[in-house]
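Structure first, then comments.
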Amino acid sequence: MTESARSVSEEQRRYNPAEIEPRWQARWDADDRLYAAEGHDSGKPKFYCLEMLPYPSGQLHMGHVRNYAIGDALARFMWMRGYNVLHPMGWDAFGLPAENAALKNNTPPREWTLGNIAAMRKQMQRMGLSYDWATEVTTCLPDYYRWNQWFFVKMYEKGLAYRKKSKVNWCPECQTVLANEQVIDGKCWRHEDTIVEQRDLTQWFLRITKYADELLSELVKLDGWPEKVRTMQRNWIGRSDGTLVDFAVEGGAEKITVFTTRVDTIFGATSVQLAPEHAVAKSFAATDAVLAGQIDEMLAQQKAAREAGDLGAIEKHGVNTGCFAVNPYNGEKVPIWVANYILADYGTGAIMSVPAHDERDFEFAQKYGLAVRRVIVPKAGTEEPLPFTGEDDAVLADSGQWTGKSCVDAQHEMATFAAEHGFGSATVTYRLKDWGVSRQRYWGTPIPMVYCERGHAGVEPGGVVALPESALPVVLPAQVEITQQGGSPLGRVPDFVNTTCPVCGGSALRETDTMDTFVDSSWYFYRYTDAKDAAAPFDSDKANYWFPIDQYIGGVEHAILHLIYSRFWTKVMRDLGLIRNDEPAARLFTQGMVIKDGAKMSKSKGNVVSPDLMIERYGADATRMYALFAAPPDRDLEWQEDGVAGISRFLGRVYRLTLKYGVMPAAGSETDAAAEAALLRTLHQTIAKITEDFSGRWHFNTCIAAIMILVNEIAAAEPLMEAGKISSTVTAEVFRNLTLMLAPFAPFLAAELWEVTGGKGAVFRVAWPVANAELAREAEVEIPVQSNGKLVTVIKVPVGSDQATIQAAALADAKVASRIEGKTVAKVIVVPGKLVNIVVK
RNA sequence: GCCCGGAUGGUGAAAUCGGCAGACACAGCGGACUUAAAAUCCGCAGACCUUAACCGGUCGUGGGGGUUCAAGUCCCCCUCCGGGCACCA
């Protein structure tokens, strides 16, 4: 470096991200190995860092920016820590918006989607995100979705995919069926104002309930997941342990099976309540026109309430059928009612009503004057008002041979008794329902099934035939007219629909529904490990090396959609022998929302801030760094443009100082050893803080604050550096490590400064600095001195001073002396290194 | 109704184990530089009382109580905000 390099003009020292960032971006884009992961044999520990893949809407929003800024900082940090990092990105590219866009602008969905992907990929590159684009996954392309079809067939063969007619959720806006997980408060997850209708349709389902128990029990092992997400999944799965009990219908061959979690209260049952849809209710109605009318009225009322979006508003009511059921435990006859609050699709659609020990039953019994019979009493013998629902420290009364038993013991014994006498059994009920995956839409994965028209051995006419692997992929036809008329668009493409049966060669019709797009995102992260595989969804050895994902980062809105489906898919793949891991991700992080003026950014509120605009004004580094600085990552972040400007100013300071003193420091004869030690002390304290934070708390806001403190201190030492009082060894160490610490947060600037200060190679592959505890150590520590808990003064003592020394120093202080003068010192509390509190009277 | 979060200056926030509340920023105010402005740099800054000023004092982490030498942090009760589940038997 020559003297001329030192005399760079002020103008050249001005931080100009608009010049620096595109220059580096071009260099990075040209190097397709820059962010590539290494193989199993790299000798390094692996780290799979993953952010949830976006829907290619065509525009990154601030939520994406925040999500990717977090993941990118982590990936770069782990590279610098010597890990073999997999950091991929892809596109959740099927879905309804492409069809809507097609309707609106007459652009084919594929063209629209691929155009959006290209635009968003460019935005991501502009952000400086460290993705390995060689492993990019695009779910709407046949080389990906063919494996959706392959999995579907495998699941069909295993009985995990099946077709049935049932009540399903229909969104009139989407013109398709939705899964239960996609219905929120009776409304569509994509159309918050659209009430979901119930329709009877034949649909394909995936048997997620087969894994309900494992999905639930393994939640306790996911200690790297937020408790909130685990709780939400636990609630969603909704396991309920209970007993099935058969009540014989008096004077008929029918029986009513009820589900109860409190079989111990069954001697207090004074009626049986049926859902209006219940088969026994229907059979009574067949011979009772009045009852039939009342049941129809209930169903009509439910339908109306659902359409009004307010199911909770229906008042509970019921009708007495006039028939009786027999309680198998005591032979007692109880009336059978039909009630509008009994859910047909939970448990068995029938309950026993025990008014004395259930709040709802009590309320219902009061309304209709049904008998209330107490059969549970507190162990303590105290009189509890009814309804008494407690089961701990309570025992049975007037309950035959179980009288005096504890509730919990009785529940087990009575279930066993039922099983022994053939009228019931212990059982488990889940709220979770099988995953309905059929969609009456075009832009999705075709379901790889045909219906053989004539039928053949084992398949009746019109029966289901799964396509063999050789017939895959079933490619989505390109020329499809998208209209708003009902039914699957593929059904209007004769070339697609009409095919031949792969078994008998006769004519066959294709399934015209496509798969829920949540299928695509249920296993995409496995594909990243082997994105170009044409013979399999992925190579098992590769997946077993990389899985589980070490850190998954995304929004909490997927807590029960994507995150439960992908856990299910992982378990299915494990049982197919493709992978060894039971769970997809060891650690999950859900970042907070980005808000503006106190509200979530949305077009309708007009408070959307465009990342492009921020990058244009302040650069990608400042935009990303602000997203990490303004709040800890798990909290909501209020976007304030002035804050971005502040970060930009800060980066400008770093740039100016580094160019001035980091490139070629001024030479001087006498150095200031104390000032040098102080600089190095702050430097090493900063390294220690950031290193520790990355491995645990992820409070990047305080990491960046720590870097600011270091830079403020460097700036304060500017006169000393100018005068040559800080040796070049020290400035070199300070600026080198400052640059390395900036690399995860502001990669463009770090790359630039690394190069201009003579660093070799990519700054992201340089070893992360190691804090030197000796250099970081403070010589003295400030100890606040309190009197009765109120601050009096602050004294300085050498680090490591013992209690006696600190106490002596505190009592020797003039301010302290005047404060305690004339008072009695009752006690002196000394916490070494922390504080002194003198208790006086 | 049940289950999770959260509430700290004008604003975003910090205080990781019970030990100086408000680090670091933003906005603001004052100053330097400049013909001027921008940019940059330096300084002030929780509220209230007192003072000419310094000094000094009181209050202060949603509200009320408690434990403790000491509470934003622990315990009890309550309010408000956000999220999840909910005629689930």
Side-chain angles (χ1 to χ4, degrees), chain A residues 10 14 184-185 226-240 242-243 258-263 265 273 275 311-316 339-343 345-354 358-361 363-364 429-431 556-557 559-560 592-593 595 598 600 626 629-632 634-647 649-650 652-653 656 689 692-693 696-697 699 701-709 711-712 715-716 718 782-794 826-831 833-840:
Chain A
E10 286 299 327
R14 231 175 126 117
I184 294 153
D185 285 337
E227 189 51 49
K228 180 189 165 100
V229 172
R230 293 196 279 169
T231 304
M232 282 166 72
Q233 292 210 355
R234 204 171 286 125
N235 288 343
W236 187 260
I237 295 166
R239 178 184 165 120
S240 182
T243 310
V258 304
F259 172 70
T260 177
T261 56
R262 291 296 305 275
V263 70
T265 66
Q273 305 279 343
L311 265 177
I314 309 181
E315 201 192 330
K316 287 182 194 50
N340 66 343
Y341 68 94
I342 307 299
L343 302 174
D345 59 358
Y346 183 79
T348 58
I351 65 155
M352 62 176 194
S353 179
V354 184
D358 181 276
E359 277 173 34
R360 206 181 35 230
D361 292 348
E363 187 193 324
F364 194 84
T429 293
Y430 295 95
R431 215 189 73 96
V556 75
E557 65 273 15
I560 38 186
M593 284 189 306
I595 57 179
K600 189 178 178 178
Y626 174 76
F629 177 67
D634 51 339
R635 266 210 245 177
D636 285 353
L637 181 154
E638 168 78 31
W639 195 269
Q640 294 185 28
E641 188 170 337
D642 286 331
V644 190
I647 296 288
R649 279 199 293 275
F650 165 73
R653 257 195 314 279
R656 185 185 69 82
K689 181 186 167 37
E692 191 194 323
D693 226 316
R697 288 206 319 163
H699 278 200
N701 52 333
T702 56
C703 288
I704 293 167
I707 297 176
M708 287 173 171
I709 290 170
V711 171
N712 288 347
E718 194 172 355
E782 290 192 337
I783 306 271
V785 182
Q786 300 176 333
S787 170
N788 291 359
K790 302 221 178 216
L791 185 68
V792 177
T793 188
V794 177
K827 201 175 181 185
V828 179
I829 288 143
V830 179
V831 186
K834 294 272 183 180
L835 109 171
V836 177
N837 190 9
I838 302 162
V839 185
V840 295

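For A/K228, no side-chain nitrogen or oxygen approaches OP1 or OP2 of B/rG6 to under 4.0 Å. Between A/R635 and B/rG5 there is no side-chain polar atom (N or O) within less than 4.0 angstrom of OP1 or OP2. Phosphate proximity of B/rA89 to A/S240: present, with a side-chain N or O under 4.0 Å from OP1 or OP2. At least one side-chain nitrogen or oxygen of A/R649 sits closer than 4.0 Å to the OP1 or OP2 atom of B/rA27. For A/N837, no side-chain nitrogen or oxygen approaches OP1 or OP2 of B/rC20 to under 4.0 Å. Side-chain nitrogen and oxygen atoms of A/Y346 include at least one within less than 4.0 Å of the OP1 or OP2 phosphate oxygen of B/rA89. Dashed line: the shortest gap from a side-chain N or O of A/R697 to OP1 or OP2 of B/rA15 is under 4.0 Å.
Closest to the A/D642 side chain, of the nucleotides B/rU16, B/rA27, B/rG12, is B/rA27. Among B/rC24, B/rA89, B/rC87, the nucleotide with an atom closest to any side-chain atom of A/A705 is B/rC24. For A/N701, the side-chain atoms get nearest to B/rA13 when compared with the rest of B/rC85, B/rC69, B/rA13. Minimum atom distance to the side chain of A/L791 is reached by B/rC20, of the listed B/rA14, B/rC20, B/rA27.
For the pair A/Y626 (side chain) and A/Q640 (backbone), a donor-acceptor distance under 3.5 Å is present. A/N788 contributes a side-chain N or O that, together with a main-chain N or O of A/V840, makes up a donor-acceptor pair within less than 3.5 Å. Under a 3.5 Å cut-off, the side chain of A/D636 and the backbone N or O of A/M593 do form a donor-acceptor pair.
The line from NZ of A/K827 to CD1 of A/I838 is 13.5 Å long, rounded to the nearest 0.5 Å. Rounding to the nearest 0.5 Å gives a distance of 8.5 Å between CZ of A/F364 and CD1 of A/I351. In this structure, A/D634 CG and A/H699 NE2 are separated by 5.5 Å, a value rounded to the nearest 0.5 Å. With rounding to the nearest 0.5 Å, the separation of CZ in A/R635 from CD1 in A/I595 is 11.0 Å.
Nucleotides B/rA14 and B/rG62 have their P atoms positioned 14 Å apart, rounded to a whole Å.
In this entry the base of B/rC17 is syn relative to its sugar, with a glycosidic angle within 90° of 0. B/rG9: glycosidic angle within 90° of 0, hence syn.
In this entry the distance linking CG of A/N235 with P of B/rG1 reads 17 Å, nearest Å. Computed from coordinates, the A/F650 CZ to B/rC41 P distance equals 12 Å when rounded to whole Å. As rounded to whole Å, 10 Å separates atom C1' of B/rC24 from atom CD1 of A/I647. Taking atom CD of residue A/E359 and atom P of nucleotide B/rA89, one finds them 13 Å apart after rounding to whole Å. Atom P of nucleotide B/rC69 and atom CD1 of A/I783 are separated by 21 Å, given to the nearest angstrom. Between the CG atom of A/D345 and the C1' atom of B/rA89 there is a distance of 13 Å, rounded to whole Å.
Heavy-atom neighbours of A/E557 CD from other residues, nucleotides or ligands within 6.0 Å: above the threshold of 12.
Residue contacts shown for A/K316 include a base, since a base heavy atom lies under 4.0 Å away. Within 4.0 Å (heavy atoms only), A/L343 reaches at least one base atom of the nucleic acid. Nucleic acid contact for A/F629: base, since at least one base atom lies under 4.0 Å from a heavy atom of the residue. Residue contacts shown for A/N712 are limited to sugar-phosphate atoms, with no base heavy atom under 4.0 Å away. When heavy atoms are screened at a 4.0 angstrom cut-off, A/L637 is found touching no nucleic acid atom at all. As judged by a 4.0 angstrom heavy-atom cut-off over every strand, A/G347 is placed among residues making no nucleic acid contact. Counting any heavy atom pair closer than 4.0 Å across all strands shown, A/E782 reaches a base atom. Residue A/K600 is classed as having no contact, given no heavy-atom separation below 4.0 Å to the nucleic acid. Counting non-hydrogen atoms under 4.0 angstrom, A/Q786 reaches a base of the nucleic acid.
In a base pair of the Watson-Crick type (N1 to N3 plus N6-O4 or O6-N4) or a G-U wobble (N1-O2 and O6-N3), with each distance short of 3.5 Å, B/rU51 is matched with no nucleotide. Nucleotide B/rC29: paired with B/rG43 (Watson-Crick or G-U wobble, both distances less than 3.5 Å). Look at B/rU68: it lacks any Watson-Crick or wobble partner with both distances under 3.5 angstrom. When both pairing distances are held under 3.5 Å, B/rU16 makes no Watson-Crick or G-U pair with any nucleotide shown. A 3.5 Å limit on both hydrogen-bonding distances identifies no Watson-Crick or G-U partner for B/rU34. With a cut-off of 3.5 Å on both pairing distances, the Watson-Crick or G-U wobble partner of B/rG5 is B/rC81.
Residue order along RNA chain B, read from the 5' end via each residue's closest nucleotide, puts A/Q640 first among A/A645 and A/Q640. Nearer to the 5' terminus of RNA chain B, by closest-nucleotide assignment, is the contact made by A/D636 (compared with the other of A/D636 and A/R360).
Checked by distance alone, A/K827 brings no side-chain donor or acceptor within 3.5 Å of a matching partner on the base of B/rC69. Looking at A/K689, its side chain comes within 3.5 Å of the base of B/rU16 through a donor and an acceptor atom.
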